[in-house]
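Inspection log for the structure reproduced underneath, given as structure tokens.
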Amino acid sequence: MKICVKGNASAGERARNTGVQANELVECALGYIARENVLPAHPPSGKRDESPSYESLVDGTGRFVPNRKVLELRGKLIKFMETHIYPMEKEFAKLAQSDLRWTVHPEEERLKEEAKRQGLWNLFIPGNASAGERARNTGVQANELVECALGYIARENVLPAHPPSGKRDESPSYESLVDGTGRFVPNRKVLELRGKLIKFMETHIYPMEKEFAKLAQSDLRWTVHPEEERLKEEAKRQGLWNLFIPVDSAARARRELAAIENKQSFDQLFGEGLTNLEYGYLCEIMGRSVWAPQVFNCGAPDTGNMEVILRYGNKEQIAEWLIPLLEGKIRSGFAMTEPQVASSDATNIECSIKRQGDSYIINGTKWWTSGAMDPRCRVLILMGKTDFNALKHKQQSMILVDMRTPGIHVKRPLTVFGFDDAPHGHAEISFENVIVPAKNILLGEGRGFEIAQGRLGPGRLHHCMRLIGAAERGMELMAQRALSRKTFGMFIAQHGSFVSDLAKLRVELEGTRLLVLEAADHLDKFGNKKARGILAMAKVAAPNMALKVLDTAIQVHGAAGVCSDTVLAHLWATARTLRIADGPDEVHLGTIGKLELQRASKL
């Protein structure tokens, strides 16, 4: 680092001390940075909103901005563009295409003066567009540092009275929040959990994948591998259990359970109190293996079903069904899709839930009821119609159904590109006069759509998070294969076309990861309804990106890529279903497009 200090090129005592001056100036700067309070003793007097809501930090286009200052400047800029720039574009272009194009349009100078007047001048200077009290005072800090340096240069004695002790600031640096892969994580807690998860995957999951797959392809495939239960206990012991549970959902469940007499402590079952954003950094790791999520009790459809009961269940439903699910003693299924109608439009469903005294009678057929083939599956959340004559979106209800109830017939397991996903499975089920207690209705009759939207937001996002992990696994296997296999006298990694494809896939993967994490952040801040646009974007982007990565990985592996010798084919099959499951691409694209048009109509 070069530091310009007067006297660097001069002779005598001053010049001989140049190195000492430079080093002490650096120490001075480091000492300033290490100060506990870097804010000026008298901060700027401009009053700020003490508790701005997130809604107040959304601009006119519906886009979130980091603070009130940026919101105001953004509003000014948009108005300036609409009032001054857009109307003049043709005039500027006309001059630029004329014989006088090397002259400056007189209106440009006037607009510059107007920009200065409105405080829209030199916004690029550091500190102008930053957030937080510390960042807003960047200019003050910089000036104080310069004063410190100038004061040092003017000193008669440049040697310190007491040499530095060598101790450094103990506060966490950004470098300390980067994991072993060089990826930044939001806080120390997530960093530690991520490290544990990666180690758990490497130590326990990857070595067992072939064993799990072997059982799943045998005559005993509808049984549970004994090692799975052992790994669950190990995950609990390491604090890697139920990480998906959001703080607010856990708080509600605790309140409901508080009313239960002779209750035991269930605190250890409610995860680590993570936000959706924090969980995104962890769920991705689980997505690297089709077998991993269930080991941490973070697999679909259980997570979505537990979330429904956490948010909408009463204390009896929580005690009877949620607690065993949280403990991992039972599993569950979600029965919504029907074979005879297009179930992507849930108003089409025909399964009936009719009230009869203190019970409901269920009749209908469901398929793609994921999890229903598992021998541990004890409860279904079923969506049907309680009133065929009500308003279109008030006809549907959700109800908890015990799998052991008479009249439930599992007709067959369904396969996904040849994979039956045993022992989890996807079932076609008929319900013939199935009698369910009325107390099992969730939230009340006609609330099915409301519950579905609450369930599908986090559920869709969890799929996207896992797809990021699946794509990362594909990238890793692809790169390893390319570095070890030769074609036409050179390694695959030496072929220019492969290097280019690999780079493009990395770019797309990183962009999709950021979109998914931003969607998680919006879900935390705004809730399902206001975040539906970006959730839809993530749900479209993630499967399509993962499919590109996995398809290229399969291509690089050749024949090995399409068989069960690697996990690629199974990961690809799972990713492909997610362009349909939890809403097809076309539905989500419709949502995104409509929201875009709504924003445009308000401009």
Check for a donor-acceptor pair, side chain of [X] on one end and backbone N or O of [Y] on the other, with a separation under 3.5 Å.
X: Ser500; Y: Ser497; result: no
X: Lys539; Y: Leu578; result: yes
X: Asn305; Y: Gly333; result: yes
X: Lys196; Y: Leu240; result: no
X: Arg331; Y: Cys377; result: no
X: Asp565; Y: Gly561; result: no
X: Arg221; Y: Ala422; result: no
X: Gln317; Y: Asn314; result: yes
X: Thr574; Y: His570; result: yes
X: Asn297; Y: Leu325; result: yes

[X]/[Y] ion pair, N-O < 4.0 Å:
X: Glu227; Y: Arg230; answer: yes
X: Arg376; Y: Glu228; answer: yes
X: Lys236; Y: Glu233; answer: yes
X: Glu209; Y: Arg473; answer: yes
X: Glu450; Y: Arg311; answer: no
X: Arg252; Y: Asp248; answer: no

Which distance, rounded to the nearest 0.5 Å, do you find between the [atom1] of [X] and the [atom2] of [Y]?
X: Met306; Y: Ser249; atom1: CE; atom2: OG; value: 11.5 Å
X: Leu589; Y: Met537; atom1: CG; atom2: CE; value: 10.5 Å
X: Leu550; Y: Leu477; atom1: CG; atom2: CG; value: 9.5 Å
X: Asp524; Y: Asn276; atom1: CG; atom2: CG; value: 4.5 Å
X: Ile534; Y: Arg532; atom1: CD1; atom2: CZ; value: 13.0 Å
X: Leu467; Y: Leu461; atom1: CG; atom2: CG; value: 10.5 Å

### Task
Run the numbers on His225 and Met208 for side chain to side chain contact (heavy atoms under 4.5 Å, CB included), then give the verdict.
CA-CA 10 Å; His225 198 293; Met208 281 299 299; 3.8 Å; yes
### Task
Could you give me the CA-CA distance, side-chain angles and deciding distance for Val567 and Val290, then say whether side chain to side chain contact (heavy atoms under 4.5 Å, CB included) is met?
CA-CA 8 Å; Val567 297; Val290 294; over 6 Å; no
So which atom in [X] and which in [Y] form the shortest heavy-atom distance, rounded to 0.1 Å?
X: Trp368; Y: Val416; result: CZ3-CG2, 3.7 Å
X: Pro375; Y: Val224; result: CG-CG2, 4.0 Å
X: Asn242; Y: Leu326; result: ND2-O, 3.0 Å
X: Cys464; Y: Val516; result: CB-CG2, 3.9 Å
X: Met286; Y: Pro293; result: O-CD, 3.7 Å
X: Gly328; Y: Lys232; result: O-NZ, 4.1 Å

Using a 4.5 Å cut-off on heavy atoms from C-beta on, say whether the side chain of [Y] contacts that of [X].
X: Leu231; Y: Ile205; result: yes
X: Leu547; Y: Arg576; result: yes
X: His522; Y: Lys530; result: no
X: Met475; Y: Leu502; result: yes
X: Arg506; Y: Glu510; result: yes
X: Leu380; Y: Ser332; result: no
X: Leu523; Y: Leu277; result: no
X: Leu193; Y: Tyr281; result: no

### Task
Could you please spell out the steps behind the side chain to side chain contact (heavy atoms under 4.5 Å, CB included) verdict for Arg288 and Tyr206?
CA-CA 9 Å; Arg288 295 182 183 184; Tyr206 300 145; 3.5 Å; yes
### Message
Which residue in the set Glu508, Glu472, Glu518 passes side-chain hydrogen bond (donor to acceptor under 3.5 Å, both in side chains) when paired with Arg513?
### Response
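Passing option: Glu472.
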### Query
Just checking, any donor-acceptor pair under 3.5 angstrom between side chains of Asn187 and Glu278?
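Asn187 vs Glu278: donor-acceptor pair found between side chains.
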### Message
Less than 3.5 Å apart, any donor N or O on the side chain of Thr415 or Asp420 sitting next to an acceptor on the other?
### Response
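No donor-acceptor contact under 3.5 Å links the two side chains.
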### Query
Does Arg455 make a cation-pi contact with Phe334 (under 6.0 Å, within 45 degrees of the axis)?
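Judged by the rule (NZ or CZ under 6.0 Å from the ring centre, within 45° of its axis), Arg455 counts as positioned above Phe334.
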Tell me if the [atom1] atom of [X] is crowded by more than 12 foreign heavy atoms within 6.0 Å.
X: Lys189; atom1: NZ; result: yes
X: Arg254; atom1: CZ; result: yes
X: Lys548; atom1: NZ; result: no
X: Gln494; atom1: CD; result: yes

### Query
Between Tyr279, Phe200, Trp241, which is the residue that forms a ring pair (Phe, Tyr, Trp, His ring centres under 6.0 Å) with Phe296?
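Running ring pair (Phe, Tyr, Trp, His ring centres under 6.0 Å) over Tyr279, Phe200, Trp241 with Phe296 returns exactly one hit, Phe200.
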### Task
For His463 and Arg460, run side chain to side chain contact (heavy atoms under 4.5 Å, CB included): C-alpha distance rounded to whole Å, both residues' side-chain angles, the deciding distance at 0.1 Å, then the answer.
CA-CA 5 Å; His463 281 312; Arg460 286 167 176 157; 5.6 Å; no
Return a table of donor-acceptor pairs under 3.5 angstrom between the side chains of residues 210-217 and protein atoms on other chains or two or more places apart.
none

